[in-house]
2 protein chains.
Amino acid sequence: MSRHPQLDLDAQLCFPLYAATRAVTRAYGPLLREFGLTYPQYLTLLALWGDDEPMTVGDLGGRLRLDSGTLTPVIKRLEQAGLVTRQRDTLDERRVLVTVTAAGRDLQDQVAHIPARLVEAFGLDEDESRQLHRLLGRLLDRLDGELPESTTR
Amino acid sequence: MSRHPQLDLDAQLCFPLYAATRAVTRAYGPLLREFGLTYPQYLTLLALWGDDEPMTVGDLGGRLRLDSGTLTPVIKRLEQAGLVTRQRDTLDERRVLVTVTAAGRDLQDQVAHIPARLVEAFGLDEDESRQLHRLLGRLLDRLDGELPESTTR
DNA sequence: CGCAATTCGATTGCGCACAACTATATTGAG
DNA sequence: CTCAATATAGTTGTGCGCAATCGAATTGCG
């Protein structure tokens, strides 16, 4: 055993959080695969569907808390799949505007059943889900809150 | 806005979970970097410190819920850093035994202060931490429980 | 206006995750 | 004992995450 009880894997929050996230991502895998999507691609679409378009790469990054190094290739794959378009903003050539295509909008209806499937797989009752959601929100606010949380929302 | 309210990013558990995990990993980054470790490498050491050695690659995978495709390169980097050794089990040549070196054991004392630093950064009180831990545990049990949870624990 | 500072996105490099597959070793049925 | 089935780690290929850097566009100070 470890010389320091606080170093025990299961005694901390970090490992259960890490393992649970990967388990959830794995649970989404087969459902999203049906539509040729990965989990980060799906989240990117959720962000686009839930905001006014077009969004810039920076807007998406602020929403998803991902930088351009991660997002650029993800968006390019969504573009390749015909779900979004990318175009330089003519008013500010530094920006790239991301817009959902008709096919991308249609996908909303096809994936709309997925969240309920996952909630079922999670096996938490409504009260537990709400608590977990609240605690994760507090954690996020505390850890990411000091960052330049975009004022575009 | 989305045509389906259940597709809203923040209304679900999946995105807060995903974002919180990345925020926590980022929070560990600078603290672990001081010792030349990444977060998965740190978790791998925690698993080794917390169990009887030597552990096989499969044992580690069962503990961390990672497969050999992920663990093999992680362990090789820990070996490169002089923190663990790898050797074939002479009794069963399929297995690889991972053992912590003296330097690896010494690292325990140096990182022992890190969990408390993170707990502080999380900004959750004791009760909230316990609740979050419990809920994540339930989620993990439910999602990973059906897998061949190794009997070596 | 002129030019330094800033913004924005893309690029590069590294290290995970994981699926799919391979090679080798062990086990077990007949 | 033989050989098919299984167990185990490693390899390969794809797709994130993120730090660091770059190049181009924009802004703002003097």
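The analysis underlying the following values was restricted to heavy atoms, covering all of them including side chains, and did not include hydrogens, waters or symmetry mates. As the structure is a prediction and not an experimental result, all values here were calculated from the model. Each chain gets a letter, A, B and so on, in the order the sequences are listed, and its residues count up from 1.
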> When we call it a touch if two heavy atoms are under 4.0 Å apart, what does B:Thr38 touch: a base, just sugar-phosphate, or nothing?
Replying inline: sugar-phosphate

> Counting any heavy atom closer than 4.0 Å, what does B:Leu66 reach on the DNA or RNA strands: base, sugar-phosphate only, or nothing?
Replying inline: sugar-phosphate

>> Taking the nucleotide of DNA chain C with the nearest heavy atom to each, does B:Tyr39 or A:Thr70 sit closer to the 5' end?
In response: A:Thr70

> Are more than 12 heavy atoms from other residues, nucleotides or ligands located less than 6.0 Å from atom CD of A:Gln110?
Replying inline: yes

> So which nucleotide from C:dA17, C:dA19, C:dA10 ends up closest to the side chain of A:Ser68?
Replying inline: C:dA10

> B:Ile75 or B:Arg33: which one's nearest nucleotide on DNA chain D is closer to the 5' end?
Replying inline: B:Ile75

> Are a donor atom and an acceptor atom from the side chains of A:Asp109 and B:His4 found within less than 3.5 Å of each other?
Replying inline: yes

> Around B:Arg117, counting heavy atoms of other residues, nucleotides and ligands shown, do more than 12 lie under 6.0 Å from its CZ?
Replying inline: no

> How about B:Leu107 and B:Leu37: do any of their side-chain heavy atoms sit closer than 4.5 Å?
Replying inline: yes

> Under 6.0 Å from the six-membered ring centre of B:Phe35 and within 45° of its axis: does the NZ or CZ of B:Arg33 meet both?
Replying inline: no

>> Over all strands shown, is A:Thr25 touching base, sugar-phosphate only, or nothing at heavy-atom distances under 4.0 angstrom?
In response: nothing

> Within the distance-only criterion (no hydrogens, no angle test), does the side chain of A:Arg95 pair as donor or acceptor with the backbone N or O of A:Val57 below 3.5 angstrom?
Replying inline: no

>> At a heavy-atom distance below 4.0 Å, which nucleotide of DNA chain D is the first touched by chain A, and which is the last?
In response: D:dG15 to D:dT26

> Hey, what's the ring geometry for A:Tyr28 with A:Tyr42, parallel, tilted or perpendicular (30° and 60° as the breaks)?
Replying inline: tilted

Please tabulate, one pair per line, each protein N/O and nucleotide N/O from nucleotides 26-29 of chain C that are separated by under 3.5 Å, including the distance.
| from | atom 1 | to | atom 2 | distance (Å) |
| --- | --- | --- | --- | --- |
| C:dT26 | OP1 | B:Glu93 | N | 3.1 |

> Of B:Arg77 and A:Arg86, whose closest DNA chain C nucleotide lies nearer the 5' terminus?
Replying inline: A:Arg86

